[in-house]
Amino acid sequence: MIKVGDQLPATTLMEFSEVEGGGCSIGPNPVDVVKASAGKTVALFALPGAFTPTCSAKHVPGYIQKVDELKAAGVDEIWCVSVNDAFVMGAWARDQKSNGKVRMLADGDATFTKATGLTLDLTGKGMGLRSNRYSMLVKDGKVVSLNIEAPGKFEVSDAATLLAQAKG
């Protein structure tokens, strides 16, 4: 399992873009994790699924509400990672009004999630292999803090916890 001091895995996530610009075409675009995190401070949080109750009602909204405070604390980007496809993550971004605030990154085949060792098997609940709920502060691709939730909990991966760590 990934731990403080480790580098993010050299994998590719996908991001849906509704408008062309900044070198990105409309539609799903690959995001090389190593290149995208290089030289940046990233507040990364992951969750079991788009449009799920806790994720939609608490997790994503918390980061959207604290975007200005996180930026003031030195965070360059906020990433939300979920084992969903880029089209679902794009639709969820529209629903959550996260554009320009939180990058909604799809880990469609769970490559990133498996590489971190933070998988959650929800096969019996009809969701298959998913990501555990967690957050991490990443500086120049290196994990500097990691907050992993206990099963079914939402206590340590919230925006307020990561904000306190970014300020510390």
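Computed from heavy atoms alone, side chains included, the values below leave out hydrogens, waters and symmetry copies. This chain uses plain numbering: 1 for the first residue, then up along the sequence.
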Which donor-acceptor pairs under 3.5 Å do side chains of residues 78-96 form with protein atoms, sequence neighbours excluded?
from	atom 1	to	atom 2	distance (Å)
Trp79	NE1	Glu77	OE1	2.8
Ser82	OG	Asn84	OD1	2.6
Asn84	OD1	Ala50	N	2.9
Asp85	OD1	Phe87	N	2.9
Asp85	OD1	Val88	N	2.8
Trp92	NE1	Ser56	OG	2.9
Arg94	NH1	Glu18	OE1	3.1
Gln96	NE2	Ser56	O	3.3

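The same ILVMFWY cluster, assembled from side-chain heavy atoms under 4.5 Å apart, contains both Val60 and Leu163. Linking ILVMFWY side-chain heavy atoms closer than 4.5 Å, directly or via other members, places Leu13 and Val102 in two distinct hydrophobic clusters.
Applying the ring-ring contact (aromatic ring centres under 6.0 Å, His included) criterion to Phe45, with sequence neighbours excluded, gives His59, Tyr63. Evaluation of the salt bridge (charged side-chain N to carboxylate O under 4.0 Å, His left out) rule for Glu149 yields no partner, not counting sequence neighbours. Considering only residues two or more places apart in sequence or on other chains, Lys101 meets the side chain to side chain contact (heavy atoms under 4.5 Å, CB included) condition with Ile64, Val67. Looking at residues two or more places apart in sequence or on another chain, you find a side chain to side chain contact (heavy atoms under 4.5 Å, CB included) between Ala160 and Lys66, Asp158. The side chain to side chain donor-acceptor pair (under 3.5 Å) test applied to Asp109 returns Thr111, not counting sequence neighbours.
Side-chain polar atoms of Thr113 and Asp107 form a donor-acceptor pair below 3.5 angstrom. A donor-acceptor pair shorter than 3.5 Å can be found between the side chains of Ser135 and Asn147.
Looking at heavy atoms from C-beta onward, Arg133 lies out of side-chain contact with Leu120 at the 4.5 angstrom threshold. Considering only heavy atoms from C-beta on, Pro30 comes within 4.5 Å of Met14 through its side chain. With a 4.5 Å cut-off on side-chain heavy atoms, Val144 and Val138 do not count as touching. Contact annotation: the side chain of Leu146 approaches that of Ile2 to within less than 4.5 Å [non-hydrogen atoms, C-beta and beyond]. Taking 4.5 Å as the limit, every side-chain heavy atom of Leu8 sits out of range of all side-chain heavy atoms of Val34. The shortest distance between side-chain heavy atoms of Arg103 and Leu105 falls below 4.5 Å. Phe154 has its side chain out of reach of Leu47: every pair of non-hydrogen atoms, C-beta onward, lies at least 4.5 Å apart.
Salt-bridge check for Asp68 with Lys71: failed, with every basic side-chain N at 4.0 Å or more from each acidic carboxylate O.
Nearest heavy atom pair, residue Asp76 against residue Lys40, reads OD2-CA, 3.3 Å. Residues Ile148 and Leu118 share a closest heavy-atom pair of CD1-CD2, 3.6 Å. Here the shortest heavy-atom pairing between Ala115 and Thr11 reads CB-CG2, 4.3 Å. Residues Pro9 and Thr116 share a closest heavy-atom pair of CG-CG2, 3.9 Å.
One finds the OG1 atom of Thr41 at 6.5 Å from the CG atom of Leu137 (value rounded to the nearest 0.5 Å). Note: Leu162 CG to Lys167 NZ = 12.0 Å, rounded to the nearest 0.5 Å. Once rounded to the nearest 0.5 Å, the distance linking NZ of Lys142 with CG of Asp6 reads 9.0 Å.
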Does Tyr134 form a side chain to side chain contact (heavy atoms under 4.5 Å, CB included) with Val156? I'd like the steps, not just the answer.
CA-CA 8 Å; Tyr134 65 90; Val156 298; over 6 Å; no
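Under a 3.5 Å cut-off, the side chain of Gln165 and the backbone N or O of Ser145 do not form any donor-acceptor pair.
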